[in-house]
Every structure is written in C-alpha cells, then in structure tokens.
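To start, the structure under review is shown below, and the notes come after it.
Excluded from the calculations below are hydrogen atoms, water molecules and symmetry mates; all remaining heavy atoms, backbone and side chain alike, are included.
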Amino acid sequence: MVICGDDGLAHRLALELDAVCGEIVTVVLPSGSDEHGAGIAALHRDPDSPVELLVSARPDERTLRAAGVERAAALALTYRDDQVNMTAALLARTINPAVRLVVRMFDRERGRHLERLLDRAAGLCDDPAQDTSTTVLSDADTAVPELVAAAAVGHGHTLQVEGKVFRGVVRPAGTPPHPTDLAALAVLSGAHQDDPASQDSAETSGEEGTLLLPDARTADHRQLTHGRLMLEEVVHRTPERAAGTRRRRLRSWLRARLAHLPWKVFLSHQLTSVYGSLAAVVVALATATALFADEHPWWKNVYLPLLDIFTMGDPATEESVARRVLQLIAGFVGLAVLPLVVAATMNATEAFRTASASHPPDDDVNGHIVLVGLGMVGTRVLDRLRSTGHQVVAIERDPRARGISLARELGIPLVLEDAAVPGVLDLARVKDSRSLLVLTRDDGQNLDIVMAVRETNPGVRVVMRLYDDDFAATVQRTLRASYPDALTRSRSVSALAAPSFAAAMMGRHVLGVMPVERGSLLFTCVDVAGHPELEGRSVHQAFRENEWRVLAVGAAAGPVPSSATDTLTALRPDHQDRPGFDWRPAQGRVLRVGERVVLATTRRGLDILMTGVRPHPAGRRG
C-alpha cells in the first residue's frame, strides 16, 4: 500500500492501515520533520509496524516509482490540492494500470469525471480479474455526517442509505427498547455509558469495555448497567407553507435587509476626512476667485474652481492673471486630492458591499445551530444541516470563502466577522442557540472561540474541529472535566475520514463510518452470492458478534459495485430499477443468491468477510 499526502489524513490513514492490514505501507510526505512525518517515522521504527517513510516534495514519476507504485496493490493520494491529486493519479495509472487508486477530491463533479477516466484506463490491464478500481473520496463528505449529528442531536451518528437517513441513538442504562430501534450496534463502556463519542475508553470486550455488535442476550443482560447504541431511522417533516405566507415573509425580509444596510460606512473617519479636505480646498479657491478674479455671478466662484480641480475646464488664456494663477493652483490641488478621493470612495463602497452581505439573525431567533467557518468542511456541513431542516446562523470572516454563496442562496443569516472578536458571537445569538459548530482551519482560534463561549453560555452544546487527533482527544477530556454539565465534542476530520479511505484501499466498499468511543463501525453493502458466511444462512445465523450484523436485505440490482462511488450510485433514490431494502428483516429469513445486504461491521469483521481469512490476533494494533 502506498500513501501520498501532505497533512494529517496521510498520517491517520497509515495508522488505520497499520491496524487492519498486514501488508507493507509506504507513506510519501513532503517533510519528515513536521509532526506528521515524525509520527510516521515513529511507526517505521516500531519493529511490529510494516510502515516505511519516503520524503519527497511532490508526487512526480520518480517519487512514485521510488515508493513502489509499479508493484503496489493500492495507492492513496490525499494531498489538499485537487490538481496535484489528479496529476499524480493519471501518472500512477500510466506506471501501473493494475493499481487500485483512492483519490481525495473536494470537487464532486471533477471527481466523477476522473473516476470514469481512470477506470477506462484500467481496462488496458492484462489481468481482468484484478481489482483496478478507482475510488474518489472527500474527507469533508466522510466527516460531515458525524459533525452534523454531534451538533444536531448531541450524540449519535448519521448514515445515509437508499435515500434514507439513519442515526445512532443512545439508550441509557435501565431503559427498555424503543419501538423505532432497528438494531443494537454497541453496548457502551461502564465509564461512558451515555456517551458513544467518548475517546477515553479502550475498545475492549471486557465487563467495563465497549462491546461492538453484541448478541441479543448480552445486550439485554447489560441494558440495566450500560448504555446501548441503537440504530434508528430519522424522519424529517417539513410543514407546508402557503404562498401568501411566503410572500409576506419575503417582504418582511426585504424590509429588514434595507433597515440593516450599513449606511454608516459612508460616514467613516477616512471618507469624511478626505471629502472634508476637498470641501475646504473648494471654499478657499472660491474665496480667492471672488476676491482676485472678480467673477460674476457668485456661483461661478465655486463652479470654476471645481472644473479646474477635476481638469474639466478650458484654459484661462484670455482671462486675468489672477484667474490663470488660480487655475494652475486648482490643477495641482486636483492632482494631490483626487487619488485620495477615489481611494476613499472605493474603500467605502467595498466596505458597504461586504457589510451588506452580512445579515445577522432576527431578535426572535432561538434554538438554532451557530456554524463558524464556511470553508470546505463548513460548506458541506451547512448544506447537510439545511437539507435536514435545521435552522442555522453562519459566521465567516472571509467574504470570498466557499460557503458564502451557498449561505446567500439558502437565505441563511450570515455574520461576516471574525468569531474570535468580542461581540461577534452575540450577533449570532449564541446565547439562545442549542449548538455551536466551530470548523475553521485554525486549531488555536477554534479553541479560543469555544473557551469564550463556555464562559458566556456553559450549557450550549459545542462541536469543535481540531486538526490533530491526539490534541482533539486531550481538549475534549479537559473541557469535559472543566464543564461536566456541558456537552463538548472535539473532532479531527482526518480521523473521521481515514477509515473510509483505508477500506477503499483494501477494496472494501464502505457506505459510512460510525465512531463508537475509541472504536468504529463500518457500514457496507455486499452481494450475498460468493460469501459463504451469508449465502444460505438465516439473518440470525449470519450474525457474528463483534464482527458483523445484517441490517437490511434487498434484491440485487446487478453485479456487486466495483467501487464505493458505484455502490452509492446503486443506492441513490433516483437509480432506475433499484429494489428497496427491508430494514426489519425477520431473523429466520434465509439469505439467497440474487439478494444483497447492508451490514454493520467492525474493521476486523469487514476484513474477514471480504477475504475469508481471519487475521492472526497477535501483532496487530487497534
């Protein structure tokens, strides 16, 4: 396996592959001295870890060949630049048409085109039995469901399959099963029995540890003492609104926007100083014209100096000497003042435009989600929150950020200010909000914002993006200890996205990832045919504790998809001739050839299911 990247995703992906894959992993980084390079180097020095480190500034042909792409089973390109990843993917397909490619891309449309192009190129491979698929993934897309779920429901994680949305919901110890529960996903550890997002407990099956995919008897036995993570469907009901109501709301919104336009920017100190100086010069020249040039009527004493300043008048060659001298003076004054006038006017206009784009929420807004940061991740989070019917107020300091246009299109209240500046969060009515999502790329600023909010509103639910996974876990523990009654989540996008990238590198087709304490559950769709663990067995018999559980059964619409994108395409609501899934299959239902199933699996279970080989219990971490 070869990984090429320039940030924490490459590091985290190496850790994931080191935990679930026994093959040699080579990581290519621009530097071996930064924190990610140091982490890979530490893995390389571990005698039990098959991880190699190669330092190279860019993924050119020489670098890819040195990393062993010619003989690699899979290559992951995780640079933050889509163009770099595209170029390297095309080059790698030329070097080794049989290599399985996993490419990180933010632009979905470009990613689909690249996938088709590279898969056609893979058709040149001499061995058609080899898995030469191309999978294009976005770390933003894979992390968004967890961030949204943490902000919207506090705990529990979302999964989208067949146009339906599911989430993990905690049932506290001692509570009976809920009618909406579809399946038991985990029994939580005793230390954090109400918190599936905790990162403090080990992924063990002991009495106090986390038990993933328990059997019914164990779940029932421990329900009195441990919290349980259950899967349920999320149904959003949006009430219909009459056209007249929408028109009234539009008129009200327009009146509010006009009332909130920042006309005061045209009274700024810079603008008033420049125009005041210009007015003083005009008055002085008009007085001098009246005294020495003897112009009549009186308005000419003002009009002529203005024409001279703006170089719009005719030369005063036939007029008095005083008039000619004053014209020259006015021309020199114009050369000095006009650039200042133009600059001040442009600055005020830009400030007016920027401030006009800012639309703070109305005074009656409450129970909303405050979203700070509209970059790549923030844009996707905003889109998901609105598509699921949540009320959002956004804060972004850069008027050119990716999500600004989306926020305007959706009519989202927007505050174009730095959230770290005192008073800005108050504009977003954070005191009346139910959740705060802080998703900027600056870890220090994210932490500053959260600590400031905790001082003013200790009870608000906070979800914070932190780049470094270890730092995120430390911050979460510290804030939980400081504010025990408040719900705080710190999340690393690379940690949330890495399991999907790792599964794609191993040819596993993952629909979603659900973190559970320090472990994780993977969701995948597979054809029953060709899997002896499933074929001919009942739903009950196919279950494997701590390895996999059948969640839904449906008729196969064709061959098993060859990539994660094909899997998602087959499950889209608009896919033609797509049979539906039965999400409450009877335990005695027999799984047959021609059917497919949605499974919840552990990382170990997915590896067993796809390879048919049980890994040796020793020597593998995670």
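- The CD1 atom of I395 sits 11.5 Å away from the CG atom of L437 when rounded to the nearest 0.5 Å.
- The pair D432-R429 counts as a salt bridge, with a side-chain nitrogen and a carboxylate oxygen less than 4.0 angstrom apart.
- A salt bridge is defined here as a Lys NZ or Arg NE, NH1 or NH2 lying under 4.0 Å from an Asp or Glu carboxylate O, and E232 with R171 meets this definition.
- Within the 4.5 Å cutoff, no side-chain heavy atoms of L447 are placed close to those of I449.
- Side-chain contact between V393 and I412 is absent, with no heavy-atom pair separated by less than 4.5 Å.
- Using a 4.0 Å cut-off between charged side-chain N and carboxylate O, R604 and E547 make a salt bridge.
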message: Does R380 form a side-chain contact (heavy atoms from CB on, under 4.5 Å) with S138? I'd like the steps, not just the answer.
response: CA-CA 10 Å; R380 297 284 164 82; S138 165; 3.6 Å; yes
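- Taking each heavy atom of I404 and P399 in turn, the nearest pair found is CG1-O, 3.7 Å.
- A cation-pi geometry, defined here as NZ or CZ lying under 6.0 Å from the six-membered ring centre and within 45° of its normal, does not hold between R80 and F106.
- When R104, R12, R441 are each tested for a salt bridge (Lys or Arg N to Asp or Glu O under 4.0 Å) with D7, only one passes: R104.
- A donor-acceptor contact shorter than 3.5 Å is absent between the side chain of E417 and the backbone of R397.
- Listed for the N85 side chain is a donor-acceptor partner under 3.5 Å among the backbone atoms of Y79.
- Side-chain contact between L17 and I3 is present, with at least one heavy-atom pair separated by less than 4.5 Å.
- One N or O on the side chain of H368 and one on the backbone of A428 form a donor-acceptor pair closer than 3.5 Å.
- Between the side chain of E396 and the backbone N or O of L374 there is at least one donor-acceptor pair closer than 3.5 Å.
- Minimum heavy-atom separation, E16 to A502: CB-CB, 3.8 Å.
- E109 has a carboxylate O that lies under 4.0 Å from a charged side-chain N of R112, or vice versa, which qualifies the two as a salt bridge.
- Residues L212 and N546 meet the side-chain proximity criterion, which asks for heavy atoms closer than 4.5 Å.
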- prompt: How far apart are the C-alpha atoms of R108 and V136, what are their side-chain angles, what is the distance that settles it, and do they pass the side-chain contact (heavy atoms from CB on, under 4.5 Å) test?
  reply: CA-CA 9 Å; R108 292 189 181 105; V136 176; over 6 Å; no
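- A side-chain donor from one of S435 and R461 sits under 3.5 Å from a side-chain acceptor of the other.
- Looking at every heavy atom in both residues, R549 comes nearest to A183 through CD-CB, 3.9 Å.
- Pairing each heavy atom of A504 with each of T135, the nearest pair is CB-CG2, 4.0 Å.
- With N446 contributing its side chain and R465 its backbone, the two residues share a donor-acceptor pair below 3.5 Å.
- Counting all heavy atoms, side chain and backbone alike, L9 lies closest to A497 at CD1-CB, 4.3 Å.
- Among all heavy-atom pairs drawn from L29 and G5, the shortest one is CD2-O, 3.4 Å.
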task: Any chance you could lay out the side-chain contact (heavy atoms from CB on, under 4.5 Å) test for F581 and V598, step after step, and finish with the verdict?
output: CA-CA 9 Å; F581 280 105; V598 175; 3.7 Å; yes
- request: Could you please spell out the steps behind the side-chain hydrogen bond (donor to acceptor under 3.5 Å, both in side chains) verdict for Q391 and N366?
  value: CA-CA 9 Å; Q391 188 177 23; N366 60 76; over 6 Å; no
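- With contacts defined as side-chain heavy-atom distances shorter than 4.5 Å, the pair L521/T601 does not qualify.
- Judged by distance alone, with hydrogens and angles left aside, the side-chain atoms of T379 form a donor-acceptor pair with the main-chain N or O of G403 at under 3.5 Å.
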task: Apply side-chain contact (heavy atoms from CB on, under 4.5 Å) to L551 and L599, showing your working.
output: CA-CA 6 Å; L551 298 178; L599 300 172; over 6 Å; no
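- To the nearest 0.5 Å, atom CG of residue L147 and atom CG of residue L371 are 10.0 Å apart.
- Side-chain contact between V421 and D418 is present, with heavy atoms from C-beta onward closer than 4.5 Å.
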